> 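Next up is a structure, given as structure tokens.
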Number of protein chains: 2
Amino acid sequence: MSEAARPAETLDSSVRQRLLRAASDLFAQKGYAATTVREIVAAVGVTKPVLYYYFGSKEGLYLELMQSTSQSFLKLLDEPVPAGATASQRIKRLGELAFQVFCEHLQTMKIMHAIYYGPPQGAPFVDFDALHQRFQDEVLRLVQEGMAGGEFRVGDAEVMTWALLGAEHLAMQFELCMPERRMGLEGLRRATDLVLEGISTAKA
Amino acid sequence: MSEAARPAETLDSSVRQRLLRAASDLFAQKGYAATTVREIVAAVGVTKPVLYYYFGSKEGLYLELMQSTSQSFLKLLDEPVPAGATASQRIKRLGELAFQVFCEHLQTMKIMHAIYYGPPQGAPFVDFDALHQRFQDEVLRLVQEGMAGGEFRVGDAEVMTWALLGAEHLAMQFELCMPERRMGLEGLRRATDLVLEGISTAKA
DNA sequence: GTCTATAAACTGATAGAC
DNA sequence: GTCTATCAGTTTATAGAC
């Protein structure tokens with residue numbers, strides 16, 4: 001509708017976007033249950049019906065946050081890879097893109113982690129495991145591909161996947177909880193390279 | 001007093017221990033804030049004053065759980081290593097012991113993660129970062145030791161540490177959230193070996 | 001001291017005017 | 001699209017009986 005016709009700048013500062021932003025900040029800081037609809041709308045400077053107009057409910061707003069972030073990750077899996085890329089390059093590319101999406105949605109990732117590791121807080125169920133599994137499967141597939149193509153040493157592809165995902169998860173956790181000592185994209189690259197060198201047939 | 005003189009079996013099933021166990025189960029399942037003192041004592045079959053006698057408060061009980069688990073981890077850092085052990089062997093040993101402690105205190109670790117990643121829930125502050133940092137520092141030290149001794153390739157010891165810790169963290173996260181697909185101690189060993197082989201000068 | 005009954009406050013959510 | 005006004009359900013606090 002008219003919303004789609006707006007320039008991008010207007011969209012980013014739209015009430016809808018500002019509500020999403022305020023909610024993600026508050027949910028991340030205080031938790032889903034402890035954050036009230038009143039606080040969210042007050043932070044944006046609008047009234048409650050505006051929130052219900054856009055999202056139907058507090059749960060709807062939460063789900064919008066979760067699903068939009070999940071979609072950003074899932075999109076990475078369907079993106080076309082550069083022609084002629086090696087398995088190593090594809091693994092690195094996927095890992096880096098996922099890390100960037102993670103950083104762009106840092107507040108939402110904080111909420112996800114809090115719900116995932118902690119009590120549900122009354123928030124509607126979201127299948128975080130499935131998302132994680134999709135990614136793990138894709139990395140496993142890429143490792144098996146590289147192994148079949150002679151790029152990686154013959155071995156247990158699952159163990160190699162664990163080593164690769166471990167670096168990824170650690171980089172994400174640092175970003176979330178210890179930003180002052182974070183690995184950053186560059187640290188993730190170097191740790192991933194280290195693992196990839198270890199499983200590669202070619203010697204650096 | 002008399003408590004110290006009791007045989008170990010009696011200690012494990014003492015009211016104090018049963019309170020700790022019940023509290024860790026409830027905190028892990030429902031969160032610290034949502035768990036009432038009433039529920040804890042009801043689960044053990046005692047009255048509230050019993051809890052206040054042993055721990056002073058709900059906070060005191062919580063801190064006892066956190067500190068006893070933290071101590072189990074910190075003890076690993078001070079334990080004497082087998083004479084003549086290589087850096088690889090020391091790293092593997094530390095990682096495996098830490099993983100075992102993690103599994104033994106699984107419920108408490110669940111609480112730690114919930115507090116660490118989520119809202120404080122009114123729980124008293126515990127410096128989880130410091131504990132994590134102590135471990136990371138120790139692994140880094142061992143990597144540097146191995147590098148100085150020619151056991152590991154010359155490179156960025158911090159990056160190597162990240163790769164090693166990544167596998168450890170992933171194994172712990174699986175144990176916590178996806179026990180049905182867990183790496184287990186054996187998976188951790190193999191992933192750690194993979195990384196260690198990659199940074200070793202000796203070829204397997 | 002402990003329990004129950006009730007009141008006050010706050011929650012997510014809605015109706016209807018503009 | 002946004003507002004004012006208000007809903008019903010829940011939690012929280014407290015007063016008062018036991």
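The structure presented is a predicted model; accordingly, all values stated were derived computationally and were not measured. Throughout, protein chains are lettered first and strands after them, A, B, ... in sequence-line order, and every chain is numbered starting at 1. Values below: every heavy atom of this structure, side chains too, minus hydrogens, waters and symmetry copies.
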> When you look at B:Y54 and B:E64, which way does the side-chain hydrogen bond (donor to acceptor under 3.5 Å, both in side chains) test go after all the steps?
CA-CA 10 Å; B:Y54 282 112; B:E64 174 73 25; over 6 Å; no

> Not counting sequence neighbours, which residues clear side chain to side chain contact (heavy atoms under 4.5 Å, CB included) with A:A87? List them please.
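Scan of A:A87 (side chain to side chain contact (heavy atoms under 4.5 Å, CB included), adjacent residues dropped) gives A:E151, A:F152.
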
> Rounded off to whole Å, could you give me the OH-to-C1' distance for the A:Y62 and C:dG12 pair?
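Spelled out: OH on A:Y62 to C1' on C:dG12 is 17 Å.
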
> State, without any angle test, whether A:Q133 and A:D129 hold a side-chain donor-acceptor pair at a distance under 3.5 Å.
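No, because no side-chain N or O of A:Q133 sits under 3.5 Å from a partner of the opposite role on A:D129.
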
> What integer distance in Å separates A:K58:NZ from C:dT14:P?
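From A:K58 NZ to C:dT14 P: 15 Å.
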
> Find the distance A:Q17:CD to D:dG1:P and express it as a whole number of Å.
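Atom-to-atom, A:Q17 to D:dG1, this comes out as 14 Å.
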
> Angle between the end axes of the helix from C:dG1-D:dC18 to C:dC18-D:dG1, five pairs per end, to the nearest 10 degrees?
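Between the axes fitted at each end of the helix from C:dG1-D:dC18 to C:dC18-D:dG1 lies an angle of 0°.
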
> When the side chains of residues 157-165 of chain A are checked against the rest of the protein, which donor-acceptor pairs come out under 3.5 Å, sequence neighbours left out?
residue	atom	partner	partner atom	Å
A:T161	OG1	A:A157	O	2.8

> Per the ring pair (Phe, Tyr, Trp, His ring centres under 6.0 Å) rule, what does the pair list look like for residues 16-40 of chain A, sequence neighbours excluded?
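Checked against ring pair (Phe, Tyr, Trp, His ring centres under 6.0 Å) - neighbours excluded - the pairs reaching residues 16-40 of chain A are A:F27-A:Y32, A:Y32-A:Y62.
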
> Give a yes/no on whether any side-chain N or O of A:Y52 is located under 4.0 angstrom from OP1 or OP2 of C:dT14.
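No, because none of the side-chain N or O atoms of A:Y52 sits under 4.0 Å from OP1 or OP2 of C:dT14.
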
> Counting only heavy atoms and a strict 4.0 angstrom limit, can you tell me which residues of residues 24-50 of chain A come near DNA chain D?
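Within residues 24-50 of chain A, the residues near DNA chain D are A:V46, A:T47, A:P49, A:V50.
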
> With rounding to the nearest 0.5 angstrom, report the CE to OH distance, A:M109 to B:Y117.
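One finds 11.0 Å between CE of A:M109 and OH of B:Y117.
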
> Using the salt bridge (Lys or Arg N to Asp or Glu O under 4.0 Å) rule, collect all pairs that involve residues 85-108 of chain B, keeping only residues at least two apart or in two chains.
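Qualifying pairs: B:E79-B:R93, B:R90-B:E145, B:K92-B:D193, B:E96-B:R189.
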
> Looking only at side chains, do A:Q29 and A:D25 share a donor and an acceptor under 3.5 Å apart?
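No donor-acceptor contact under 3.5 Å links the two side chains.
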
